[in-house]
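These values consider heavy atoms only, across backbone and side chains, with no hydrogens, waters or symmetry-generated copies. First the proteins, then the strands, lettered A, B, ... as listed; each starts at 1.
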Amino acid sequence: MELPEVENVLRTLPRDLVGRRIKRSIVIFPQRVCCVTSAVLHRRLKGAALAAFDRRGKFILLHLDTGAVLIWHLGMSGRVSVEASLAPMKHLLMAVRLDDGRFLKLYDARRFGRISLAESDHLPSHPFFARLGLEYDDPALTPDALLVSARGFRKRSVKEALLDQSFVAGLGNIYASEVLFSARIDPRRPVRTLSRRELARLLDSIRGILHEATTHGGTSIRDYVDAQGRRGDYQYLLKVYGRTGEPCPHCGSSSSIMRIVQGGRSTFFCPRCQK
DNA sequence: ACAATTACCTGTATGC
DNA sequence: TGCATACAGGTAATTG
């Protein structure tokens, strides 16, 4: 799940969760709990009330009235839902039982999702966030800031840089290809060779694509659904991702969308438009 | 110190 | 019908 999907999960969490107190927590896969023991996690959650929900990059932050923050990362296949019973347990990573009997649940078939807990005063120093890049809508994210960061990558391609969460927080494999197509930049270019002008275009594309995808409820190619179980619409608006062999929607040349592999992940682009 | 590869997982689609 | 392979919204550990 990338930023637009995570944002839509947050937006679709029932508002009446706020104020509910946690009776107990259940961790099915302690291996997915990071930086804190399950025992400490349970102790810190029990009796606390849900206070606010937000996001940093792809991390979901569930703020409690005690100052503790429960952190969930959805990995590739994570799902959040609120249900009346603990069952079904299949693919359940963790759940919290609330004082009204409901369960706030994190499912993840592939178990790449991650769980942690931090104190809200110390969030920036938590290992999840210490090296995380700026939010795409942060005014501090400027072409010059990207230029400085890009120069720090010795020979990474711009596609690989977009997947690196220290460059910009929140992009994943789908939107990295879409952003580069929108900016007309060849994904194979070493990121340090991009001019300030090109990075400005890249930044405009990052902002445009992530905002548009969020507005459309995210991308549901296979499994993704929000916290209400609804699919997004952005899969219908993808210009290059998953469209190998299709005509380019910009230059129109037939079967021009190519798939290549970079860092073990698929990249889709139009070699005619993207220089 | 760095870049490239492998590891962690399960589910689904495809081809023999 | 198996069975083998490829691939999937991500990141960390390991290898050279």
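- For A/S149, the side-chain hydrogen bond (donor to acceptor under 3.5 Å, both in side chains) criterion is met by no residue, not counting sequence neighbours.
- Residue pairs meeting the ring pair (Phe, Tyr, Trp, His ring centres under 6.0 Å) criterion with at least one member in residues 134-168 of chain A, sequence neighbours excluded: A/F153-A/F167.
- Using a 4.0 Å heavy-atom cutoff across all strands shown, A/S266 reaches sugar-phosphate atoms only and no base atom.
- A ring pair (Phe, Tyr, Trp, His ring centres under 6.0 Å) check over residues 36-56 of chain A, counting only residues at least two apart or in different chains, returns nothing.
- Of all non-hydrogen atoms in A/K159 and A/S266, the two that sit nearest each other are NZ-O, 3.2 Å.
- Residue A/K90 has no polar side-chain atom (N or O) positioned under 4.0 Å from OP1 or OP2 of B/dT10.
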Review point. Based on Watson-Crick and G-U pairs with both distances under 3.5 Å, what dot-bracket line describes DNA chain B 5' to 3', crossing pairs as [ ] and inter-strand pairs as |?
Key: .|||||||.|||||||

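- Residue A/I221 is classed as a base contact, given a heavy-atom separation below 4.0 Å to a base.
- Here A/M76 is tied into one hydrophobic group with A/F112, each link being a pair of ILVMFWY side chains closer than 4.5 Å.
- With sequence neighbours excluded, the residues forming a side-chain hydrogen bond (donor to acceptor under 3.5 Å, both in side chains) with A/D100 are A/R102, listed by chain and number.
- If you check every strand for non-hydrogen atoms under 4.0 Å, A/Q165 touches sugar and phosphate atoms only.
- We find that the ring of A/F112 and the base of B/dC8 stack, their centres lying under 5.5 angstrom apart and their planes tilted less than 30°.
- Among pairs with a residue in residues 254-275 of chain A, those fulfilling ring pair (Phe, Tyr, Trp, His ring centres under 6.0 Å) read A/Y241-A/F268, at least two apart in sequence or across chains.
- Against DNA chain B, the stretch residues 154-164 of chain A makes heavy-atom approaches under 4.0 Å through A/R154, A/K155.
- Residue pairs meeting the side-chain hydrogen bond (donor to acceptor under 3.5 Å, both in side chains) criterion with at least one partner in residues 214-232 of chain A, sequence neighbours excluded, are A/Y175-A/T219.
- On the C1' atoms, C/dC3 is 24 Å away from B/dC8, given to the nearest whole Å.
- No side-chain donor-acceptor contact under 3.5 Å links A/D144 and A/T142.
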Please write out each protein N/O paired with an N/O of nucleotides 12-16 of chain C under 3.5 Å, distance rounded to 0.1 Å.
unit_1 : atom_1 : unit_2 : atom_2 : d
C/dA12 : OP1    : A/R114 : NH1    : 3.3
C/dA12 : OP1    : A/R114 : NH2    : 2.7

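- For A/H126, the side chain to side chain contact (heavy atoms under 4.5 Å, CB included) partners at least two apart in sequence or on another chain are A/C35, A/I71, A/S116, A/A118, A/F128, A/F129.
- Listed by residue number, A/G172, A/N173, A/I174 are the residues of residues 166-192 of chain A with a heavy-atom contact under 4.0 Å to DNA chain C.
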